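These figures come from a predicted structure and were not determined experimentally. Below, all heavy atoms of this structure are taken into account, side chains as well, without hydrogens, waters or symmetry copies.
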Amino acid sequence: MHTRVEELFDDQLFERLRSECPKFRHKVVGIAGDCSLTDLGLTIQDRQLLIQEVSIVFHVAATVRFDEKLKLAMAINVKGPREILYLCKEMVNLKSVIHVSTAYSNCNIKVIEEKFYPPPIDSKKLIMLTDTIQERLLDKVTPILLDQWPNTYTYTKAVAEDIVRQEGEGLPIGVFRPAVVVSAYKEPIKGWINNMYGPTGVCAGAGTGVLRTIHCNANVNANIVPVDMCVNSLIANAWDVAETYTQCKKGNVEYEIPICNYESSNDKPLCWGRFMDLSALYGVEVPSIK
């Protein structure tokens with residue numbers, strides 16, 4: 001784990017941090033775990049360390065593959081959040097918990113408000129089903145279970161929100177729904193990204209000549225958000241949840257779990273056609289080294 005943390009901080013992304021705060025690494029403690037396992041795969045010692053020391057929790061871990069097998073998607077995207085909340089209930093200094101969902105968890109609805117929606121299936125029933133049924137049979141019934149949801153990713157993220165609604169009772173918790181997260185706007189490095197998800201994969205494929213065509217409606221809203229602005233909002237959301245929860249406790253008012261949709265379609269709409277035109281323009285001006 002120590003080696004993995006060191007490799008992470010060797011990235012160019014942390015160059016400014018290294019120069020301004022050279023001794024920052026000792027403040028970061030890496031803990032081995034697995035979101036798909038019971039108790040998150042934590043050792044007893046590590047679990048106790050988290051219970052005693054942690055005050056703010058961001059649950060960002062998920063499998064974002066659209067074609068993920070339902071059994072694995074359930075283990076990571078649904079049972080994982082449940083285990084996180086079990087852990088949070090034991091934390092002695094807990095101030096705020098943010099469950100990161102997705103703006104597309106309820107993509108079967110045309111207008112998505114900042115509120116909970118009925119899940120496609122009760123979370124407890126789905127967990128029982130995926131735990132007991134054979135994977136081969138589960139694969140066959142998956143299309144029936146998905147119903148109005150296009151893939152196992154959006155489906156399990158919708159069910160995860162139901163986990164938060166049920167298990168998050170009594171916790172200072174909030175739900176954060178980002179849209180399509182892309183490269184950084186300006187912090188700490190303009191254009192930084194370290195994955196090939198979504199439109200980044202399309203640009204990389206087109207820019208290197210591997211991808212020649214794509215089936216896409218050019219008039220559809222792209223709804224992309226830069227990762228640095230998304231993270232800033234996530235941190236602000238955690239602060240707001242902590243403040244609101246404290247005020248509710250002081251005023252003896254029932255705390256309602258807030259939901260924040262973080263997207264760009266209302267203030268700065270950008271369609272896929274315009275996105276691809278800009279990608280082609282700047283892709284020629286600043287070509288890939290490949």
Side-chain angles (χ1 to χ4, degrees), residues 35-36 59-82 99-123 125-127 129-130 133 135-165 175-182 195-206 211 213-225 227 230 259-266 269-276:
C35 288
S36 65
H59 180 58
V60 194
T63 171
V64 297
R65 288 183 53 158
F66 290 173
D67 60 348
E68 192 71 82
K69 296 277 188 180
L70 182 58
K71 197 173 188 70
L72 182 56
M74 275 294 298
I76 299 173
N77 293 353
V78 178
K79 293 167 75 174
R82 185 184 64 173
H99 168 74
V100 178
S101 184
T102 170
Y104 303 98
S105 55
N106 300 286
C107 58
N108 59 314
I109 301 169
K110 286 196 172 183
V111 178
I112 301 166
E113 298 178 36
E114 292 177 317
K115 66 179 185 180
F116 285 109
Y117 288 95
I121 186 174
D122 180 78
S123 54
K125 290 180 180 177
L126 186 61
I127 288 172
L129 176 67
T130 53
I133 194 172
E135 189 167 0
R136 183 173 54 84
L137 183 57
L138 184 61
D139 290 342
K140 287 186 176 181
V141 299
T142 293
I144 300 171
L145 288 170
L146 294 184
D147 194 20
Q148 300 175 44
W149 277 260
N151 48 58
T152 55
Y153 169 64
T154 54
Y155 182 80
T156 52
K157 294 299 275 186
V159 176
E161 288 191 5
D162 188 48
I163 288 282
V164 173
R165 183 184 61 81
V175 176
F176 187 79
R177 292 178 182 153
V180 182
V181 182
V182 293
N195 63 58
M196 287 290 179
Y197 298 137
T200 306
V202 174
C203 289
L211 186 65
T213 60
I214 184 168
H215 185 70
C216 177
N217 184 341
N219 298 316
V220 168
N221 199 309
N223 207 348
I224 56 178
V225 290
V227 64
C230 188
I259 296 177
C260 176
N261 292 345
Y262 188 70
E263 46 79 40
S264 62
S265 61
N266 291 304
L270 175 73
C271 65
W272 285 119
R274 177 67 174 154
F275 174 82
M276 294 309 294

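Here the straight-line distance linking atom CG of Leu70 with atom CG of Leu129 works out to 8.0 Å at 0.5 Å rounding. Annotation: the span from Ser105 atom OG to Tyr117 atom OH amounts to 9.5 Å, rounded to 0.5 Å. Rounding to the nearest 0.5 Å places CG of Asp147 at 13.0 Å from OG1 of Thr142. How far CD of Glu135 is from NZ of Lys140: 13.5 Å, rounded to the nearest 0.5 Å. One distance of note links NZ of Lys71 with CG of Leu138; it measures 6.5 Å at 0.5 Å rounding. Interatomic distance, CD1 of Ile76 versus OG1 of Thr156, reported as 9.0 Å (0.5 Å rounding).
Smallest separation of non-hydrogen atoms from Asn261 and Ile112: ND2-O, 3.2 Å. Minimum heavy-atom separation, Val164 to Phe116: CG1-CZ, 4.4 Å. Of all non-hydrogen atoms in Val225 and Ser264, the two that sit nearest each other are CG1-N, 4.0 Å. Taking both residues in full, the closest heavy atoms of Ala158 and Pro119 are given as O-CB, 4.4 Å, listed atom of the first, atom of the second, then distance. Across all non-hydrogen atoms, the minimal contact from Ile224 to Pro199 is CG2-CG, 4.3 Å. Taking all atoms of both residues into account, the shortest heavy-atom contact from Asn221 to Trp272 is O-NE1, 3.9 Å.
By the 30° and 60° cut-offs, the orientation of the rings of Tyr262 relative to Phe176 is parallel.
Residues Asn223 and Tyr104 have side chains in contact (heavy-atom distance under 4.5 Å, counting atoms from C-beta outward). Under the 4.5 Å side-chain criterion, counting only non-hydrogen atoms from C-beta, Val175 is not in contact with Arg165. At a threshold of 4.5 Å between non-hydrogen side-chain atoms, the residues Thr213 and Leu211 do not count as touching.
Under a 3.5 Å cut-off, the side chain of Lys157 and the backbone N or O of Val100 do form a donor-acceptor pair. When atom types are taken as modelled, the side chain of Asp122 and the backbone of Lys125 share a donor-acceptor pair closer than 3.5 angstrom.
Checked options Glu161, Glu263, Glu114; the residue passing with Arg177 is Glu161 (criterion: salt bridge (Lys or Arg N to Asp or Glu O under 4.0 Å)). Among Thr63, Asn77, Thr152, the single residue meeting the side chain to side chain donor-acceptor pair (under 3.5 Å) criterion with Glu68 is Thr63.
With hydrogens and angles left out, the side-chain atoms of Asp162 and Ser123 include a donor and acceptor closer than 3.5 Å. Under 3.5 Å, the side chains of Asn151 and Thr154 contain a donor-acceptor pair of N or O atoms.
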* To do: Using the side chain to side chain contact (heavy atoms under 4.5 Å, CB included) rule, take Val159 and Trp149 through it: C-alpha gap first, then chi angles, then the decisive distance, then the call.
  => CA-CA 11 Å; Val159 176; Trp149 277 260; over 6 Å; no
